[in-house]
Each structure stands twice: as structure tokens, then as C-alpha cells.
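Read the structure below first, then the notes.
Note that the structure is a prediction, hence the values are computed from the model and not measured. Chain letters run A, B, ... following the sequence lines, proteins first and then strands; every chain starts at 1.
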Amino acid sequence: MTVRVRFAPSPTGELHVGGARTALFNWLFARKHKGVFILRFEDTDIERNRPELIEPILESLRWLGLLWDEGPYFQSQRLSLYREWAEKLLKEGKAYKCYCTPEELEAKRTAALAAKQKPKYDGRCRSLTAQEEQNFIREGRQPALRIKIPQSGTIVVEDAIRGRVEFDFSELDDFILLRSDGRPTYNFAVVVDDITMGITHVIRADEHLNNTPKQILIYQAFGHPTPIFAHVPMVLAKDRSKLSKRHGATAVFEFRDRGVLPEALVNYLARLGWSYGDQEIFSKDELIANFSLDAVHPSAAIFDEEKLLWLNQHYLKTGDPQRLGELLRPFLVKLNIMSEAEAQVVPSEKLTQIVVLFRERAKTLTELAEPARYLLTDNFSYDPEAVKKFLTPEKIALLKGLAEALASVEPFTAAELEQATRAYLESQGTALKEIAQPCRVALTGRTAGAGLFETMELMGRERVLARMKSVASLLA
RNA sequence: GCUCCCAUCGUCUAGCGGCCCAGGACGCUGGUCUCUCAAGCCGGAAACAGGGGUUCGAAUCCCCUUGGGAGCGCCA
């Protein structure tokens with residue numbers, strides 16, 4: 001039997017890292033078992049639904065490289081199917097019409113909660129007489145459809161991550177399958193979908209564990225075997241609460257826009273709650289080869305941005321410089337280093353060189369793009385502290401002399417520049433140590449950066465000489 | 001309130017009865033290299049929530065407590 005799994009977000013928010021991890025686990029499981037990864041939108045909530053979010057969610061998945069094999073399906077387009085399936089249950093006496101109004105139910109619910117009771121439907125419409133039903137219909141009430149659950153017994157969930165979990169029927173009630181307007185509720189739509197889509201493994205967030213017995217009841221009502229369930233732990237914020245906007249970046253797009261590489265996010269998310277011995281770095285193929293549900297840790301995990309950034313730097317350091325260089329272009333614009341048109345025409349060789357020179361100093365593409373400001377444009381500023389500390393009159397004079405010494409260096413490469421510089425400094429009775437920082441400040445405006453001579457080469461003769469000669473004006 | 005889940009360094013985790021006075025990684029920290037900052041390399045501090053059992057032996061099994069989380073909707 002081929003494995004069929006699904007990722008089923010509801011379009012009520014952007015794809016956040018928790019959802020992305022659930023998607024990733026499903027995708028890995030499908031790939032590992034040569035199965036099918038299905039995408040389905042659970043969009044039966046007309047109130048909270050935001051159709052404009054669908055494309056961004058798809059784009060997030062694409063960006064992560066989690067491509068689906070089937071779908072996306074939309075529950076909102078399958079409403080007649082749910083009605084048909086509900087009709088079966090009604091005919092077989094496994095479901096019944098409930099004429100209670102939402103107001104009546106809500107009143108009972110709050111009363112139960114106030115009395116510190118577990119709110120449960122009291123089964124009032126379970127055995128209405130024909131007369132009672134007639135009266136309700138005459139009142140114009142539209143019935144919802146409820147499942148008729150057994151009065152006693154237990155439901156056992158065999159969870160691939162948590163093991164055996166038992167629920168007593170007394171905890172459950174006759175929950176609603178179809179709303180009075182004919183739309184399915186979540187639990188019902190999920191089961192009908194999972195049955196009709198042939199889902200073999202339901203891998204989803206922990207918060208659904210409590211829904212599982214209800215869903216199993218529906219499977220049983222249809223006489224259909226249940227899939228294998230696997231409830232993955234939640235992803236929490238630093239303070240152990242549910243991850244939300246107030247914790248900073250949570251959406252996949254936010255990380256992308258900050259310059260995080262998809263392979264870094266995927267690697268990080270995979271290792272969050274799952275492990276394979278002591279290994280930290282995984283390519284996608286390694287993840288696929290080694291992923292398994294029983295190696296998923298059952299407890300909730302805190303999202304640690306530091307570790308994500310460490311992984312990002314790893315992928316920055318080891319990735320293909322040319323590809324990374326191309327990824328830099330949008331950041332040149334975003335950082336206001338240059339216009340979009342200018343960013344388009346930066347030679348890709350320049351970008352590649354920036355990557356090679358600065359990748360060990362950057363944790364994100366944003367940081368990696370920053371040096372382009374002084375390397376490729378004159379649109380940068382000098383750190384006043386650095387100027388004050390290093391650009392003394394004595395050093396400025398030395399820099400002027402050095403500029404002359406370097407004016408005719410040919411070719412203008414790091415090796416030649418270093419040789420010429422050292423020779424000049426020796427002739428002046430000084431050493432590189434004395435001039436390196438002043439020179440760096442003169443060229444870049446700052447005290448931290450890549451190797452001095454590599455920086456010069458990349459910057460080009462014209463800018464280097466101009467900046468070395470003109471630093472005196474900074475003091476004025 | 002009731003039900004369910006979870007519990008090893010600050011964080012992610014290894015550990016599935018003796019290999020553990022608990023290993024790796026991020027972060028933190030000392031040193032080293034060096035034109036700066038990084039990166040790299042070498043070193044350090046840092047945890048089995050508490051209490052009962054079971055056992056010759058428990059981080060590992062059981063129970064209780066505590067703490068965290070989720071659910072209890074004509075939301076998903």
C-alpha cells in the first residue's frame with residue numbers, strides 16, 4: 001500500500017514555522033516511503049477565511065522546497081460530498097437531526113463551565129418524537145446533524161509518536177457533523193476527506209490529539225479503518241507560550257525576508273523535535289533517508305533563533321557562491337544600497353566575490369549584502385568613533401603616501417597590493433599593524449571587515465586611491 | 001472545573017536497566033591564530049523537576065506531587 005499523507009492548513013494566517021515543520025514532516029515521510037504528499041486547504045470557516053492568504057502559503061511551501069504531489073484541494077469546493085456522506089449516516093441511524101439553536105447551546109455551555117462542569121451536549125434531540133420534530137420545523141428551525149455516539153466504552157488512539165492513548169466515551173458527546181446551513185464541521189470534513197483521499201498516515205500538530213477520538217468515532221460510523229495517527233509536538237516561543245507575532249518572526253516569509261536560506265530553515269525545523277544521533281547538519285536527501293516518526297521527540301520544543309542563524313551561516317559558508325551571489329540582488333535594493341535597476345546590472349562576478357569574502361562574517365543574506373554599500377557604491381558613511389580613533393594626522397599622511405605607492409600597482413590584486421604595501425611601509429620604517437586599521441576605516445568607514453587587500457581588490461583602484469587621499473577632509 | 005499530552009545543561013537533543021559521577025550541538029566563556037571583525041582550532045562552566053516504589057543495579061520501569069502545554073464550539 002502506498003503511503004499517502006497530507007498537510008492541511010486553514011487559510012487564516014501566514015504559514016508559520018510550526019505549520020512549516022508539520023508540512024516538512026509529512027513531506028519527508030512521503031518521500032522516505034515513496035508515497036504521495038497531498039495539500040488540502042481546510043477553508044470551511046467562512047468568517048475567518050482569507051482567500052488572499054492561499055497563494056502566500058503555496059509560495060512558502062515552494063520556497064521551502066516542499067512540493068506537493070496532489071492538490072491543493074479545497075474543502076469549500078467539496079461541500080456536496082460531505083452532505084452525501086452525512087446523509088448515509090442519517091439513513092443508517094448513526095446520526096440525527098438536532099434542532100437546538102446556537103443560542104440555547106451556548107447558554108448551556110456557559111452554565112456548565114460556570115458550574116465547573118465539562119460542557120457536553122445533553123442529547124436533547126437524540127430521541128425526539130415525531131410531534132416534537134414537527135413543532136420545531138413549524139417554528140422554522142433549521143436542524144444541524146449530530147453523530148450518535150455509544151453511551152459507554154473507550155476509544156484507543158495508537159499514536160506513532162505517543163503510543164497508546166485512551167479516551168473514555170463519557171468524555172465525549174454527540175458532536176455536530178453538519179451545521180444547520182449544511183456546511184461540515186472540521187472533524188467531519190477531515191474524516192470524509194481523509195477517507196476519500198485515501199490518507200494512510202495523519203501527521204499533524206499535537207493540538208489535534210484531543211480531536212482524534214471524535215474522528216475515530218466517525219471512521220467507525222462509516223465502518224472504515226482508521227489511518228495511523230502521529231501527533232507532533234508544538235513549537236513554542238522562548239517563554240514557553242504558543243508562538244505568536246509578539247515573539248518576533250514566526251512566519252516563513254519573515255525569515256526569508258531577513259535573509260535566511262530555505263535549506264537552513266528546513267534543516268533547523270527538521271532537527272526541532274527530531275534527531276538522528278549526534279548529527280546536526282542534514283541535506284534534504286539525508287533527511288529523507290533517515291527520517292522516521294518514532295525518532296520524533298514527544299515533548300514541545302522551543303524555537304531557538306540563534307541556532308537557526310548558526311545553521312544559516314553554515315549554509316552561507318558552504319553554499320555555491322554564485323547562487324548565493326544572485327540571492328543577494330534583492331537585498332541590495334531592500335537595504336537601500338542601490339536602485340532595482342542598478343542591482344540588476346551588478347556583474348554577478350562581483351556578487352560572487354562578495355560572498356566568498358564575507359560569508360564567514362555574515363549570518364544572513366542581509367548581513368552579507370551590507371558590505372556592497374562601500375564596495376560597490378560611495379553611498380556609505382564613516383563611523384565617527386572609528387575616524388576619531390584611527391585617523392590621526394600622522395596616519396593620514398602615511399595613507400597619502402601609501403596611495404601614491406599603490407597608484408601604479410599592476411595588476412590591482414590582493415597579492416600585489418600586499419607586497420607593495422609592505423614594501424612601502426618598510427621604507428617608512430613602520431609595519432602593517434600600524435596602518436591596517438586606519439586604512440580600513442579610510443576605505444570602508446568601519447573597523448570590522450574582511451582582509452584589507454582583498455577588500456582593496458574588490459573595491460577597485462579608483463575608489464581605493466580616492467578614499468585614501470581624501471580622508472583628511474573627514475577631520476574637518 | 002474535567003480530560004488528554006509532556007518533563008535530561010539556558011535551548012535543541014543522545015540515552016530505550018549496568019557502557020552515564022550523563023554524550024553531541026547552539027549559545028555563553030578562556031586561550032590560540034591574526035591587519036580588524038569573523039571563521040577555524042584547543043579548553044571550560046552548564047542538566048537527569050521532587051518524592052516514593054520495583055530491581056543486585058534506574059536518567060531509563062511503576063505510582064504520586066509539582067510544573068508546562070493542549071482540548072472541552074453550528075473555530076480549525
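- Rounded to whole angstrom, the span from the OH atom of Tyr315(A) across to the C1' atom of A25(B) amounts to 13 Å.
- With G1(B), A76(B), C12(B) as the candidates, the nucleotide lying closest to the side chain of Thr44(A) is A76(B).
- Atom CG of Asn267(A) and atom P of C26(B) are 13 Å apart (whole Å).
- Across A22(B) and A46(B), the matching P atoms stand 10 Å from one another, rounded to whole Å.
- Asp45(A) and Tyr186(A) are not linked by any side-chain donor-acceptor pair at a separation below 3.5 angstrom, with hydrogens and angles left out of the test.
- Rounding to whole angstrom units, CG of residue Asp278(A) and C1' of G24(B) are separated by 4 Å.
- Across all strands shown, Leu452(A) has heavy atoms under 4.0 Å from base atoms, whether or not it also approaches the sugar-phosphate.
- Looking at the side chain of Arg109(A), the nearest of the listed nucleotides G73(B), C37(B), G10(B) is G73(B).
- Only the P atoms considered, A14(B) is 13 Å distant from C61(B), to the nearest whole Å.
- Without hydrogens or angle criteria, Asn49(A) side chain to Asp43(A) main chain gives a donor-acceptor distance under 3.5 Å.
- Rounded to whole Å, the P atom of C63(B) lies 37 Å from the corresponding atom of A76(B).
- Listed by residue number, the members of residues 165-173 of chain A with any heavy atom below 4.0 angstrom from RNA chain B are Val165(A), Glu166(A), Phe167(A), Glu171(A).
- The interatomic distance linking Ile176(A) (CD1) with C74(B) (C1') rounds to 4 Å, in whole Å.
- For the 3.5 Å distance criterion, the side chains of Arg78(A) and Gln75(A) fail to qualify, holding no donor opposite an acceptor.
- Put simply, the side chain of Glu280(A) and the base of G24(B) share a donor and an acceptor less than 3.5 Å apart.
- Contact annotation: the side chain of Leu265(A) never approaches that of Tyr315(A) to less than 4.5 Å [non-hydrogen atoms, C-beta and beyond].
- Residue contacts for Gly451(A): at a heavy-atom cut-off of 4.0 Å it reaches a base atom on one of the strands shown.
- Between the side chain of Asp43(A) and the base of A76(B) there is no donor-acceptor pair of N/O atoms closer than 3.5 Å.
- Within the nucleic acid shown, Cys100(A) comes within 4.0 Å of at least one base atom, counting heavy atoms only.
- Between atom CG of residue Leu15(A) and atom CG of residue Leu53(A) there is a gap of 10.0 Å, rounded to the nearest 0.5 Å.
- Comparing C41(B) with G52(B), their P atoms sit 45 Å apart, to the nearest whole Å.
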When you compare the protein's N or O atoms with those of nucleotides 65-70 of chain B, which come within less than 3.5 Å of each other, and at what distance?
unit_1: A70(B); atom_1: O2'; unit_2: Glu207(A); atom_2: O; d: 3.4
unit_1: A70(B); atom_1: N3; unit_2: Asn210(A); atom_2: ND2; d: 3.3

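- For the pair Thr185(A) and C74(B), the criterion of a side-chain N or O lying under 4.0 Å from OP1 or OP2 is not met.
- Using N1 to N3 plus N6-O4 or O6-N4 for Watson-Crick, or N1-O2 and O6-N3 for G-U wobble, each under 3.5 Å, C20(B) pairs with nothing.
- Among the heavy atoms of the strands lying under 4.0 Å from Lys317(A) are primed sugar atoms or P, OP1, OP2 only; no base atom is included.
- When all heavy atoms of Glu42(A) and Ala8(A) are compared, the closest pair comes out as OE2-CB, 3.4 Å.
- The partner of C26(B) is G10(B), judged by Watson-Crick or G-U wobble contacts that both fall below 3.5 Å.
- When rounded to the nearest whole Å, the span between NE2 of His314(A) and C1' of A38(B) equals 17 Å.
- Rounded to whole Å, the P atom of C19(B) lies 11 Å from the corresponding atom of A58(B).
- Side-chain contact between Val156(A) and Val165(A): absent, with no pair of heavy atoms (C-beta onward) separated by less than 4.5 Å.
- Taking atom CZ of Arg179(A) as the reference point, atom P of G73(B) lies 14 Å away to the nearest angstrom.
- Atom name P, nucleotides G40(B) and A59(B): the rounded distance is 36 Å, in whole Å.
- Using a 4.0 Å heavy-atom distance criterion, Arg162(A) is classed as a sugar-phosphate-only contact.
- Salt-bridge check for Lys242(A) with Glu207(A): passed, with a basic side-chain N closer than 4.0 Å to an acidic carboxylate O.
- The shortest distance between side-chain heavy atoms of Ile435(A) and Thr430(A) does not fall below 4.5 Å.
- Note on Thr101(A): every side-chain N or O is 4.0 Å or more away from OP1 and OP2 of C74(B).
- Pair assignment for A70(B) gives U3(B), based on Watson-Crick or G-U wobble hydrogen-bonding distances that are each under 3.5 Å.
- Between Lys120(A) and Glu171(A), the shortest heavy-atom contact is CD-O, 4.4 Å.
- Checked against Arg6(A) for a side chain to side chain donor-acceptor pair (under 3.5 Å), the options Asn26(A), Asp193(A), Asp194(A) give a single hit: Asp194(A).
- Using a 4.0 Å heavy-atom cutoff across all strands shown, Leu308(A) reaches no nucleic acid atom at all.
- Across all strands, Ser10(A) comes closer than 4.0 Å only to sugar-phosphate atoms, never to a base (heavy-atom distances).
- Across all strands shown, U60(B) remains unpaired; no Watson-Crick or G-U wobble contact has both distances below 3.5 Å.
- Of the two residues near RNA chain B, Phe303(A) and Gly449(A), the one whose nearest nucleotide lies more 5' is Phe303(A).
- Using a 4.0 Å cut-off on heavy atoms, the residues of residues 433-440 of chain A that approach RNA chain B are Ala436(A), Gln437(A), Arg440(A), listed by number.
- The NZ atom of Lys214(A) sits 12 Å away from the C1' atom of A76(B) (whole-angstrom rounding).
- Across all strands, Ser180(A) comes closer than 4.0 Å to base atoms (heavy-atom distances).
- Side chain of Thr444(A) to backbone of Arg446(A): a donor-acceptor contact under 3.5 angstrom is found.
- Under the Watson-Crick or G-U wobble criterion, with both distances below 3.5 Å, U36(B) has no partner in any strand shown.
- Defined by atom type and a distance below 3.5 Å, a donor-acceptor pair is present between the side-chain atoms of His231(A) and Asp159(A).
- In the set C35(B), U36(B), U11(B), the nucleotide with an atom closest to the side chain of Arg422(A) is C35(B).
- A gap of 9 Å separates the C1' atoms of C28(B) and G10(B), to the nearest Å.
- Looking only at side-chain heavy atoms (C-beta outward), Phe169(A) and Thr154(A) stay at 4.5 Å or farther from each other.
- Distance Gln215(A) CD to C72(B) P: 12 Å, rounded to the nearest Å.
- When the C1' atom is used for both C12(B) and C6(B), the distance is 16 Å, rounded to whole Å.
- Judged by distance alone, with hydrogens and angles left aside, the side-chain atoms of Asn312(A) form a donor-acceptor pair with the main-chain N or O of Lys363(A) at under 3.5 Å.
- Among U13(B), G27(B), A76(B), the nucleotide with an atom closest to any side-chain atom of Arg48(A) is A76(B).
- As judged by a 4.0 angstrom heavy-atom cut-off over every strand, Ala362(A) is placed among residues making no nucleic acid contact.
- With values rounded to the nearest 0.5 angstrom, Thr250(A) atom OG1 is found 8.0 Å from Glu14(A) atom CD.
- Take the nearest nucleotide of RNA chain B for Ser275(A) and for Glu454(A): the residue whose nucleotide is more 5' is Ser275(A).
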